Amino acid sequence: MLARLDEFERALLALDRVRVSELLDAVAASQTPLLAVESLIRPALERIGKLWEDNRCALSQVYMSGRLCEEQVDALLGPAATTTRVAPGNARLALTVLEDYHLLGKQIVRTVLRAAGWPVLDYERQTVAGLVTRTCADEIDILMISTLMLPSALQVREVTTQLREQSPRTRVVVGGAPFRFDPELWKEVGADAMGTNAAEAVAIVEGLAGGAP
Ligand code: B12
């Protein structure tokens with residue numbers, strides 16, 4: 001698998017769309033599309049982020065790798081259709097990216113939640129103020145927040161503080177690179193749970209809502 005990951009990373013950096021797609025399709029066919037995302041796309045993008053940090057690739061390569069992966073995620077996991085199923089206890093769910101432009105993780109989490117039957121509102125990208133207002137207005141029970149930048153992750157503290165006052169029913173679940181790098185950070189920002197991947201997002205939501213839809 002490591003050799004395949006090396007090759008996938010090289011194909012992304014070379015913007016070789018055909019090879020990128022072939023490598024993903026091979027894993028999706030022999031295992032599952034979600035495993036192709038989790039075992040190739042996420043680790044390869046993490047490596048490319050590290051290369052950029054070390055000045056060993058250009059930001060344009062990071063950008064284009066992200067774009068290529070976005071296309072592939074849509075092709076692999078299908079469009080994020082809405083579901084007609086009802087959540088246990090009519091729990092209301094929303095998903096957002098907070099003060100951040102890294103949207104791919106949210107896209108994957110949303111698609112996997114909907115595929116598992118969870119009706120989830122997509123708030124796209126939000127500021128702290130916008131997110132608190134919308135969460136209260138929609139009477140959200142489970143708010144899922146994705147952040148990839150450390151400053152954005154720290155802003156979650158402001159959201160949980162305000163929600164505790166204005167919408168105590170809302171449970172907050174966080175995910176994204178800063179929370180994977182520092183496994184205690186979710187507690188420090190006042191979240192109720194943290195997930196490291198999309199499959200965990202489903203398990204956490206089931207735990208909080210008390211069952212599957
Ligand atoms: C691709 C990428 C970009 C693309 C984004 C394209 C897009 N549409 O998303 C572009 C080129 C635009 C970009 C821009 C920038 N980036 Co950037 N980027 C990345 C990179 C390489 C990959 C991110 C990614 O898509 N990963 C793949 C997805 C699938 O993984 P994921 O988001 O982690 O999601 C998974 C899990 O975390 C989890 N999950 C995610 N969210 C949630 C939520 C919940 C509730 C749950 C349960 C689970 C969950 O499930 C997902 C599926 O497994 C990362 C490196 C990294 N280590 O992550 C850097 C990285 C995040 N970027 C970084 C930086 C610095 C920037 C820029 C500031 C660069 C610049 N100087 O302009 C800008 C800022 C943009 C902004 N203001 O938001 C830094 C952040 C450093 C920090 N400590 O804050 C990183 C870590 C790179 C690095 N090593 O330095 N970037």
Side-chain angles (χ1 to χ4, degrees), residues 5 8-9 12-13 15 24 32-74 76-77 80 93-113 115-116 118 120-127 131 135 140 142-156 159-160 170-183 185-186 189 191-208:
L5 178 58
F8 186 73
E9 182 189 350
L12 280 180
L13 289 169
L15 305 184
L24 285 168
T32 63
L34 185 57
L35 198 79
V37 171
E38 296 291 4
S39 66
L40 291 180
I41 290 186
R42 186 159 60 78
L45 285 179
E46 247 171 54
R47 284 180 175 193
I48 290 170
K50 186 82 181 67
L51 285 181
W52 174 73
E53 208 179 338
D54 297 342
N55 274 326
R56 289 167 55 216
C57 79
L59 186 58
S60 55
Q61 284 173 298
V62 180
Y63 179 76
M64 284 311 297
S65 303
R67 291 305 299 265
L68 271 181
C69 290
E70 278 173 31
E71 284 171 19
Q72 296 296 326
V73 165
D74 278 342
L76 280 168
L77 301 180
L93 265 71
L95 174 65
T96 191
V97 164
L98 182 67
E99 309 270 6
D100 206 307
Y101 288 92
H102 296 89
L103 297 171
L104 188 53
K106 175 185 72 65
Q107 180 189 343
I108 294 168
V109 172
R110 180 194 62 195
T111 307
V112 171
L113 278 169
W118 287 98
V120 54
L121 295 170
D122 188 345
Y123 285 174
E124 304 288 347
R125 181 174 176 267
Q126 291 286 331
T127 59
L131 181 57
T135 303
I140 295 301
I142 303 175
L143 175 64
M144 315 199 79
I145 304 179
S146 179
T147 64
L148 271 271
M149 313 268 300
L150 182 59
S152 314
L154 295 174
Q155 299 261 37
V156 174
V159 175
T160 54
T170 308
R171 301 276 81 86
V172 174
V173 183
V174 291
F179 298 105
R180 286 209 316 274
F181 294 152
D182 177 352
L185 186 60
W186 67 276
V189 298
D192 296 283
M194 184 276 278
T196 59
N197 57 47
E200 273 185 35
V202 175
I204 291 169
V205 167
E206 285 181 5
L208 290 173

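Counting from 1, the numbers follow the sequence of the chain as shown. A quick note: this is a predicted structure, and the numbers were derived from the prediction, not measured. Atoms within each ligand, like the ligands themselves, are counted from 1 in listed order.
With respect to atom 27 (C) of ligand 1, the closest heavy atom belonging to the protein is Leu45 CD1, 3.5 Å. In terms of protein heavy-atom proximity, atom 34 (O) of ligand 1 is nearest to Gly105 CA, 3.3 Å. The protein atom (non-hydrogen) at minimum distance from atom 56 (C) of ligand 1 is Glu46 CG, 3.9 Å. Protein heavy atom in closest approach to atom 37 (O) of ligand 1: Arg180 NH1, 2.8 Å. Distance from atom 52 (C) of ligand 1 to its nearest protein heavy atom, with residue and atom name: Glu38 OE2, 3.6 Å. Protein heavy atom closest to atom 15 (C) of ligand 1, with residue, atom name and distance, is His102 NE2, 3.5 Å. At the top of the distance list for atom 84 (O) of ligand 1, counting protein heavy atoms only, stands Leu150 N, 2.9 Å. The nearest protein atom to atom 39 (N) of ligand 1, hydrogens excluded, is given as Gly176 N, 3.8 Å; this is a heavy-atom distance.
Ser152 places a side-chain N or O within 3.5 Å of a backbone atom of Glu99 that can act as its donor or acceptor partner. The backbone N or O of Val189 lies less than 3.5 Å from a partner atom in the side chain of Thr160, making a donor-acceptor pair. Thr170 contributes a side-chain N or O that, together with a main-chain N or O of Ile140, makes up a donor-acceptor pair within less than 3.5 Å.
On a distance-only criterion, Glu70 and ligand 1 share at least one N/O pair closer than 3.5 Å. Note: no N/O pair closer than 3.5 Å links Met144 and ligand 1 by distance alone.
Of all atoms in ligand 1, numbered sequentially from 1 with element shown, those under 4.0 Å from a heavy atom of Ala198 are 50 (O), 53 (O). Each of the following atoms of ligand 1 lies closer than 4.0 Å to a heavy atom of Thr196: 36 (C), 37 (O), 38 (C). Shown in contact with Leu104 at under 4.0 Å from a heavy atom are these atoms of ligand 1, numbered in order with element: 9 (O), 25 (O). Near Tyr63, meaning under 4.0 Å from any of its heavy atoms, are these atoms of ligand 1: 11 (C), 12 (C). The ligand atoms of ligand 1 that sit less than 4.0 angstrom from a heavy atom of Ala201 are 47 (C). When each atom of ligand 1 is checked for a heavy atom of Asp100 under 4.0 Å away, the hits are 78 (O). Atoms of ligand 1 lying under 4.0 Å from at least one heavy atom of Ser146, given by number and element, are 40 (C), 41 (N), 42 (C), 43 (C).
At a 4.0 Å heavy-atom cut-off, ligand 1 touches Met149 through backbone and side chain alike. Residue-level proximity to ligand 1 for Ile48 is absent, since no heavy atom of it falls below 4.0 angstrom. If you look at Ile41 next to ligand 1, there are no close heavy atoms at all, none under 4.0 Å. Under 4.0 Å from ligand 1, the heavy atoms of Val174 that appear belong solely to its backbone. With a 4.0 Å cut-off on non-hydrogen atoms, Lys106 does not touch ligand 1 at all. Here Trp52 has side-chain heavy atoms under 4.0 Å from ligand 1, and that is the only part of it that gets that close. For Asn197, heavy-atom contacts with ligand 1 shorter than 4.0 Å involve the backbone as well as the side chain. Of the heavy atoms in Arg67, none comes closer than 4.0 Å to ligand 1. Under 4.0 angstrom from ligand 1, the non-hydrogen atoms of Ile145 all belong to its backbone.
Closest non-hydrogen pair, Pro43 versus Glu38, comes out as CD-O, 3.1 Å.
Atoms CD1 and SG, on Ile48 and Cys69 in that order, are 7.0 Å from each other to the nearest 0.5 Å.
In this structure, of Gln61, Arg42, Arg125, the residue bringing a heavy atom nearest to atom 35 (C) of ligand 1 is Arg42. Of the options Gly195, Pro43, Gly49, Cys57, the smallest heavy-atom separation from atom 48 (C) of ligand 1 is shown by Gly195.
Residues Gln107 and Asp74 bring a donor and an acceptor atom of their side chains to less than 3.5 Å of each other.
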